[in-house]
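What follows is a single structure, written as structure tokens, with notes after it.
Because the structure is a prediction, the values reported are computed rather than measured.
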Protein chains: 2
Amino acid sequence: MTTPIRTLVVDDDFRVAGLHRDVVAARPGFVALEPALSVADAQDAIRSHQPDLLLVDIHLPDSNGIELVRACNIDAFVISAANDAPTIRRALRAGALAVLFKPFDPRLLTERLDRYARFRNLVSGTGPLVQDELDRALAILNGSNDPVTLSRSATEKLILEALNTDEASASEIAELTGVSRATAQRHLVALAARSLVEVRLRYGATGRPEHRYAAASTAEGV
Amino acid sequence: MTTPIRTLVVDDDFRVAGLHRDVVAARPGFVALEPALSVADAQDAIRSHQPDLLLVDIHLPDSNGIELVRACNIDAFVISAANDAPTIRRALRAGALAVLFKPFDPRLLTERLDRYARFRNLVSGTGPLVQDELDRALAILNGSNDPVTLSRSATEKLILEALNTDEASASEIAELTGVSRATAQRHLVALAARSLVEVRLRYGATGRPEHRYAAASTAEGV
DNA sequence: CAACGTCGAGCACAATGCGCAAAACTAACC
DNA sequence: GGTTAGTTTTGCGCATTGTGCTCGACGTTG
């Protein structure tokens, strides 16, 4: 497979769109088109550039990303801040090959892109497929073969849940979760490094400034 | 799962439609509607009966089965005599949850129906899904051939009995049962993957958090 | 017979908690 | 203003515990 996969990000949040475009651009075998910030932009870009893959946010200013996916005969991932089951079912029925819940670790997108590339390699021809080949391709896209190295560890999940929508220090999270302060801090620092958590410093008391952590607001702003 | 999955077969070949309807009708948890022989028939049946799942042949006399799948917000399998890769890609982009190549062994349809039922069970709620849950549901639908049988080996039975109503670590279960710690853990992990066992992490001691296992509560029977 | 699945032993290493030193702040003092 | 002391928080190295994996043995099945 020598032809790069042209990928169009469709998201009205300029910063998120840029982040996802950068993830795509960094992937060997992929070419990232300039993101589209609306369905109308996306349709223009689709006409101009014939992308092979769309990364479409559900909530777009002028329409619904799911309808865009349904209407175009292009492979697509749906990206969603909404994670209610009915929305997800609608996305799958519209033809989404994957659904990713914001905010997600960029490595999850990377992994899904790689899976898609392998899937695409198997179904990209013009000749006949046999059932086994198709099943294998779909298993690559959706299978559970890979160990859950890219999903959040149990402790990470616990810490993110403890954060909820509040801001907290590492000590407070430690008390809420039962892990030690040092462990909570280690995880929070790592999550911040991956942009899943935002950090703010609190001054005014004696001693070092306290790091306050909050869940990343990229999803909440949608 | 108490509500049967109403399933509509859409195929212009009366005999094949009847065959597939019979496969569906024979499946516990499924109700087969009277097959539709054209897209127009199908649209009538969809309005009258609100099917949960369509089995749609691509080649229909008055239109294209893929367009029917695309246009309706209903879970669908596509059944196809055509097995060229471009057609398959179109079907997947239209939202087909599975693609089956005619002629196929009825056991393949049976297996795919069962997978769909389990997938549906996981995504049928109205509440939020997390990424892991969605991924697991899709893996069930399309994953490699994990025979997630409900039968239990002797060792599994032994371990479940040792769990009883208590919470225990793999080491503790190993001592109670006489199997090795690694084997106990293997089985407990597999049981957890099948939602028969619940896992909780215990923090506070030096060293990795300890996985504590408990028999799944009866809430899983919903 | 070969193939396959399960098990146990042993090992590497992942992930935790502890203890402590350093960093970084505020308040007090000169 | 600058300097120092006290305090709080961070960050790190180390020891410990638990997990996950490999590989060979063994029993079962075709």
Side-chain angles (χ1 to χ4, degrees), chain A residues 105 107 144-163 166-194 196-214, chain B residues 132 143-163 166-194 196-214:
Chain A
D105 188 331
R107 287 178 299 176
S144 57
N145 303 339
D146 290 326
V148 195
T149 53
L150 293 176
S151 64
R152 294 161 178 162
S153 73
T155 306
E156 263 186 14
K157 286 175 190 163
L158 187 64
I159 282 167
L160 283 169
E161 282 160 18
L163 260 189
D166 301 323
E167 179 183 274
S169 69
S171 296
E172 287 158 14
I173 295 295
E175 286 198 22
L176 288 170
T177 60
V179 302
S180 73
R181 187 272 309 166
T183 294
Q185 193 153 39
R186 265 196 292 255
H187 279 282
L188 287 163
V189 167
L191 288 164
R194 290 151 55 195
L196 297 173
V197 167
E198 292 180 341
V199 191
R200 189 174 73 79
L201 295 184
R202 192 209 54 169
Y203 293 98
T206 62
R208 282 183 70 157
E210 186 179 62
H211 289 56
R212 309 285 296 175
Y213 299 91
Chain B
D132 282 350
S144 51
N145 304 325
D146 286 351
V148 186
T149 176
L150 292 182
S151 68
R152 293 170 177 170
S153 69
T155 309
E156 269 185 11
K157 287 176 187 162
L158 189 62
I159 283 167
L160 283 169
E161 282 160 15
L163 260 188
D166 301 322
E167 178 184 275
S169 70
S171 296
E172 288 158 14
I173 296 294
E175 287 199 20
L176 288 170
T177 59
V179 301
S180 73
R181 187 272 308 169
T183 295
Q185 195 154 41
R186 255 194 304 257
H187 281 281
L188 288 163
V189 166
L191 288 164
R194 291 156 57 193
L196 297 170
V197 166
E198 291 176 342
V199 192
R200 186 174 75 79
L201 292 186
R202 193 206 53 157
Y203 296 99
T206 298
R208 286 180 69 155
E210 186 178 61
H211 288 59
R212 310 285 296 178
Y213 299 91

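- Between A:Arg181 atom CZ and D:dT8 atom P there is a gap of 14 Å when expressed in whole angstrom units.
- Contact record, A:Arg181 with A:Ser171: CG-OG, 3.5 Å, taken as the closest heavy-atom pair.
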Can you check side chain to side chain contact (heavy atoms under 4.5 Å, CB included) on B:Val199 and B:Leu188, steps first, answer last?
CA-CA 9 Å; B:Val199 192; B:Leu188 288 163; over 6 Å; no
Give the intermediate values and the outcome of side chain to side chain contact (heavy atoms under 4.5 Å, CB included) for residues B:Glu172 and B:Arg212.
CA-CA 10 Å; B:Glu172 288 158 14; B:Arg212 310 285 296 178; 3.2 Å; yes
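- Remark: C1' of C:dT16 and CD of A:Glu156 are 14 Å apart, rounded to the nearest angstrom.
- Rounded to whole angstrom, the span from the CG atom of B:Leu188 across to the C1' atom of D:dT19 amounts to 13 Å.
- For B:Glu210, whose side chain is taken as the heavy atoms from C-beta onward, the closest listed nucleotide among C:dG10, D:dG18, D:dT10 is D:dG18.
- A pairwise comparison of heavy atoms in A:Ala154 and B:Tyr203 identifies C-OH, 4.3 Å as the closest pair.
- A:Arg186 places its CZ atom 13 Å from the C1' atom of C:dG19, with the value rounded to the nearest Å.
- Rounded to whole angstrom, the span from the CD1 atom of B:Ile159 across to the C1' atom of C:dC7 amounts to 11 Å.
- Atoms CD1 (B:Ile173) and P (D:dT19) sit 12 Å apart, rounded to a whole Å.
- As judged by a 4.0 angstrom heavy-atom cut-off over every strand, A:Ser169 is placed among residues making no nucleic acid contact.
- Proximity of A:Thr155 to the phosphate of C:dA15: no side-chain N or O atom is located under 4.0 Å from OP1 or OP2.
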Going through the distances and angles, do A:Glu156 and A:Arg194 end up as a salt bridge (charged side-chain N to carboxylate O under 4.0 Å, His left out)?
CA-CA 12 Å; A:Glu156 263 186 14; A:Arg194 290 151 55 195; 2.7 Å; yes
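- In terms of heavy atoms, A:Leu163 sits closest to A:Ala214 at CD1-C, 4.0 Å.
- In this structure, B:His211 places its NE2 atom 18 Å from P of D:dT17, rounding to the nearest Å.
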Run the side chain to side chain contact (heavy atoms under 4.5 Å, CB included) check on A:Leu176 and A:Leu158 step by step: do they pass?
CA-CA 9 Å; A:Leu176 288 170; A:Leu158 187 64; over 6 Å; no
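- Picking from D:dC21, C:dT16, C:dG8 the nucleotide with the shortest atom distance to the side chain of A:Thr183 gives C:dT16.
- Applying a 4.0 Å cut-off to non-hydrogen atoms, the residues of residues 199-209 of chain A that approach DNA chain D are A:Thr206, A:Gly207, A:Arg208, A:Pro209, listed by residue number.
- Rounded to a whole Å, the NE2 atom of B:His187 is 14 Å from the P atom of C:dG5.
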